[in-house]
Protein chains: 2
Amino acid sequence: MSNAKALPLLERSEAPVAAVPCCPPLSERPFTAEEAERTARMFKALGDPVRLRLFSAVASHEGGEACVCDISDVGVSQPTVSHHLKKLKEAGLLTSERRGTWVYYRVEPSVLAAMGQLLAVR
Amino acid sequence: MSNAKALPLLERSEAPVAAVPCCPPLSERPFTAEEAERTARMFKALGDPVRLRLFSAVASHEGGEACVCDISDVGVSQPTVSHHLKKLKEAGLLTSERRGTWVYYRVEPSVLAAMGQLLAVR
DNA sequence: GGGCTAGTTCGACATGTGTCAACATAGACG
DNA sequence: CGTCTATGTTGACACATGTCGAACTAGCCC
């Protein structure tokens with residue numbers, strides 16, 4: 001049956017919610033409730049200016065990855081930066097990896113491509 | 001009454017917030033605060049499941065437009081549907097036109113294309 | 001070990017957002 | 001005119017979210 005309805009405690013931890021091939025283009029047919037729920041999470045993650053700047057900073061950084069210290073100059077406190085990076089990670093848009101003292105974030109290219117597909121004009 | 005009061009005065013009177021020349025791809029360079037502010041509005045508009053369903057319903061409807069009565073079966077009350085359609089309109093994603101008793105909404109294709117550009121992979 | 005730097009988590013707070021019922025408005029139609 | 005149908009607006013309320021400072025954890029180096 002549908003397992004998507006009641007995810008146990010995943011939202012609280014750091015598991016990416018939406019991993020892969022999500023949905024058809026928005027203009028192909030009306031979204032179902034479940035599709036909308038899943039897709040909205042990704043759009044919502046990019047629906048905050050600070051998160052958008054962080055995401056753009058990571059995406060445009062050389063090598064497609066950036067240390068937090070490289071991108072944390074977005075006008076909010078450091079805990080807030082951390083909070084937003086976590087949100088982006090939970091939405092499946094970023095992944096993170098610790099290397100020594102620093103933590104590096106990189107974009108999940110498949111998800112980016114999937115979102116591009118969503119907006120394809122029919 | 002004047003629509004969207006909170007809009008900056010960049011564009012003409014009832015023009016949508018984000019006209020065509022919005023922003024470069026997210027991965028081209030880090031977004032400025034202003035770019036992020038403007039772009040986040042569009043993503044935010046699609047960051048709600050109900051709005052996403054409404055938008056998808058309009059976008060996939062024949063002729064690229066739909067009357068409210070055609071799309072209001074999304075599990076929320078009628079005032080809520082109206083509220084979300086207003087939000088989508090304020091974000092520049094939809095336009096509306098009254099024809100007789102009914103109000104028709106249609107997608108703003110240029111904005112959709114602009115969002116697609118944003119997500120283009122470098 | 002002890003201090004130092006990089007990042008995350010916690011607790012609290014103010015603001016924003018989605019929702020509905022009730023009311024209001026706009027056109028069609030008799 | 002009055003009424004019916006289709007939408008929009010208002011007011012209220014619960015809940016989600018963005019933000020910060022303080023406390024915490026992880027790794028490096030003397």
Side-chain angles (χ1 to χ4, degrees), chain A residues 9 11-15 17 33 36-37 40-55 57-58 61 65-91 93-106, chain B residues 1-7 14 33 36-37 40-55 57-58 61 65-91 94-106:
Chain A
L9 319 145
E11 296 87 8
R12 298 186 11 188
S13 77
E14 43 185 67
V17 178
E37 200 79 44
R41 268 194 284 262
M42 299 190 296
F43 282 112
K44 195 175 196 174
L46 293 180
D48 178 271
V50 174
R51 281 199 291 273
L52 206 46
R53 291 186 74 185
L54 290 171
F55 185 82
V58 172
H61 206 262
E65 71 173 15
C67 151
V68 177
C69 57
D70 290 329
I71 59 176
S72 46
D73 187 21
V74 287
V76 294
S77 72
Q78 205 276 330
T80 301
V81 168
S82 189
H83 165 73
H84 284 305
L85 287 172
K86 185 180 182 182
K87 286 280 189 106
L88 287 167
K89 212 165 97 176
E90 286 172 356
L93 297 174
L94 293 181
T95 59
S96 71
E97 178 195 359
R98 170 157 227 138
R99 284 208 291 278
T101 309
W102 299 276
V103 177
Y104 290 82
Y105 283 81
R106 65 168 55 240
Chain B
M1 59 190 70
S2 65
N3 54 358
K5 185 61 179 300
L7 298 187
E14 65 167 86
E37 200 77 45
R41 267 194 284 262
M42 298 190 295
F43 283 111
K44 195 175 197 174
L46 294 180
D48 178 90
V50 174
R51 280 198 294 272
L52 207 46
R53 291 186 74 185
L54 290 171
F55 185 83
V58 173
H61 206 263
E65 71 174 14
C67 149
V68 177
C69 57
D70 290 329
I71 59 175
S72 46
D73 187 20
V74 288
V76 295
S77 70
Q78 187 273 327
T80 302
V81 168
S82 190
H83 168 251
H84 283 305
L85 287 173
K86 185 180 182 183
K87 286 278 189 108
L88 287 167
K89 210 166 96 176
E90 286 172 357
L94 293 180
T95 59
S96 70
E97 178 197 358
R98 169 156 228 140
R99 287 208 288 279
T101 309
W102 298 276
V103 176
Y104 290 82
Y105 282 81
R106 62 169 57 241

request  = Return no unless some side-chain N or O of B:K87 is found under 4.0 Å from OP1 or OP2 of C:dG18.
outcome  = yes
inquiry  = On the nucleotide D:dA16, are OP1 or OP2 found under 4.0 Å from the side-chain N or O atoms that A:K44 carries?
reply    = no
request  = Mind grabbing the angle between the end helix axes of the helix from C:dG1-D:dC30 to C:dG30-D:dC1? Five pairs an end, 10° rounding.
outcome  = 10°
Which listed nucleotide ([options]) is nearest to the side chain of [X]?
X: A:T101; options: C:dA6, D:dG8, C:dT8; answer: C:dA6
X: B:V103; options: D:dT7, D:dT19, D:dG27; answer: D:dT7
X: A:T80; options: C:dT5, D:dG8, D:dC20; answer: D:dC20
X: A:V76; options: D:dT19, D:dG8, D:dG18; answer: D:dT19
X: B:P79; options: C:dT17, C:dC20, D:dC20; answer: C:dC20
X: A:V68; options: D:dT7, C:dG7, C:dT9; answer: C:dG7

At under 4.0 Å between heavy atoms, what does [X] touch on the DNA or RNA strands: base, sugar-phosphate, or nothing?
X: B:V50; answer: sugar-phosphate
X: A:Y105; answer: sugar-phosphate
X: A:R51; answer: sugar-phosphate

query = Which comes earlier along DNA chain C counting from the 5' end, the contact point of B:G47 or that of A:H83, where each point is its nearest nucleotide?
reply = A:H83
